[in-house]
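The analysis underlying the following values was restricted to heavy atoms, covering all of them including side chains, and did not include hydrogens, waters or symmetry mates.
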Amino acid sequence: QVQLVESGGGLVQAGGSLRLSCAASVRSFSSLSMGWFRQAPGKEREFVAAVSWHDGRTFYADSVKGRFTISRDNAKRTMYLQMDSLKAEDTAVYYCAAGPGLSDYATSRNYDYWGQGTQVTVSS
């Protein structure tokens, strides 16, 4: 069983920064594509960012381009999301996800494994 554990969420003022982490329990971490999704109150879960396993390409939702940076450390089996210039609309529960051989990184149903989520609250 693959387990994903998020950390790093919290309360921050608008314009501030946070870095989220997602630790994976599998040795095959390097062969998994990884992504971040978020869900705000009353809204559906939406794509935030992803990184492929085979070539390291990164993908971002338009709403976070230029502000968020996704990365991974295969030795530590950990994925990160650096969140800068945070806005009130970034407030949500953030989930990390993993899946092999993904062709559509922005579709949540394509991911096989999910973490429990970490709350990010941005005050204005």
Side-chain angles (χ1 to χ4, degrees):
Q1 181 179 4
V2 175
Q3 292 185 326
L4 304 175
V5 181
E6 303 98 334
S7 62
L11 175 64
V12 65
Q13 293 183 345
S17 298
L18 286 173
R19 187 174 76 158
L20 306 183
S21 298
C22 175
S25 64
V26 296
R27 291 185 176 182
S28 59
F29 178 81
S30 62
S31 67
L32 295 173
S33 293
M34 305 289 294
W36 288 97
F37 291 77
R38 67 187 182 187
Q39 187 167 20
K43 295 185 177 181
E44 296 295 317
R45 186 171 298 185
E46 66 176 354
F47 170 74
V48 177
V51 56
S52 68
W53 72 267
H54 56 285
D55 58 9
R57 288 188 299 165
T58 57
F59 308 86
Y60 297 93
D62 289 340
S63 60
V64 305
K65 285 182 179 178
R67 299 189 298 119
F68 292 8
T69 303
I70 189 171
S71 62
R72 62 191 296 166
D73 186 331
N74 290 339
K76 296 182 178 180
R77 302 174 188 173
T78 303
M79 174 181 65
Y80 305 96
L81 184 68
Q82 178 65 44
M83 310 165 69
D84 298 320
S85 301
L86 284 163
K87 304 175 181 179
E89 51 263 45
D90 294 319
T91 295
V93 176
Y94 284 70
Y95 299 90
C96 73
L102 299 180
S103 59
D104 183 354
Y105 298 96
T107 302
S108 61
R109 66 193 302 174
N110 292 335
Y111 291 81
D112 297 325
Y113 312 106
W114 293 84
Q116 293 297 307
T118 185
Q119 177 70 48
V120 172
T121 302
V122 184
S123 62
S124 59

Legend entry - Charged N-O contact under 4.0 Å between Asp62 and Lys65: yes

Quick one: pull up [atom1] in [X] and [atom2] in [Y] and give me the separation to the nearest 0.5 Å.
X      : Y      : atom1 : atom2 : value
Asp104 : Arg109 : CG    : CZ    : 10.5 Å
Gln82  : Leu18  : CD    : CG    : 8.5 Å
Trp36  : Cys22  : CH2   : SG    : 5.0 Å
Arg77  : Leu32  : CZ    : CG    : 11.0 Å
Met79  : Ser33  : CE    : OG    : 10.5 Å

Joint cluster assignment, [X] & [Y], ILVMFWY side-chain distance < 4.5 Å:
X      : Y     : value
Phe68  : Ile70 : yes
Tyr80  : Leu86 : no
Tyr113 : Val48 : yes
Val120 : Leu81 : yes

Legend entry - Full working for side chain to side chain contact (heavy atoms under 4.5 Å, CB included) between Glu6 and Tyr94: CA-CA 8 Å; Glu6 303 98 334; Tyr94 284 70; over 6 Å; no

Taking side chain as C-beta onward, heavy atoms only, is [X] less than 4.5 Å from [Y]?
X      : Y     : result
Val122 : Lys87 : no
Asp112 : Val2  : no
Leu4   : Met34 : yes
Gln119 : Thr91 : yes

Inset, instruction - Answer yes or no: is there a donor N or O on one side and an acceptor on the other, between the side chain of Tyr111 and the main chain of Tyr105, under 3.5 Å? - result: yes

Legend entry - Minimum-distance pair of heavy atoms, taken over all atoms of Ser17 and Ser85: OG-N, 4.3 Å

Inset, instruction - Could you pull out the closest heavy-atom pair between Ala40 and Ala92, with the gap in Å? - result: N-CB, 3.8 Å

Legend entry - side chain to side chain contact (heavy atoms under 4.5 Å, CB included) between Val93 and Phe37, intermediate numbers included: CA-CA 8 Å; Val93 176; Phe37 291 77; over 6 Å; no

Legend entry - Atom CD of Gln116 with >12 non-hydrogen neighbours under 6.0 angstrom: no

Inset, instruction - Establish, yes or no, whether a centroid distance under 6.0 Å links the rings of Phe47 and Phe59. - result: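 No, ring centres 6.0 Å or more apart.
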
Legend entry - Derivation of the side chain to side chain contact (heavy atoms under 4.5 Å, CB included) call for Arg38 and Ser63: CA-CA 12 Å; Arg38 67 187 182 187; Ser63 60; 3.5 Å; yes

Legend entry - Residue pair Met83, Arg67: steps toward the side chain to side chain contact (heavy atoms under 4.5 Å, CB included) verdict: CA-CA 6 Å; Met83 310 165 69; Arg67 299 189 298 119; over 6 Å; no

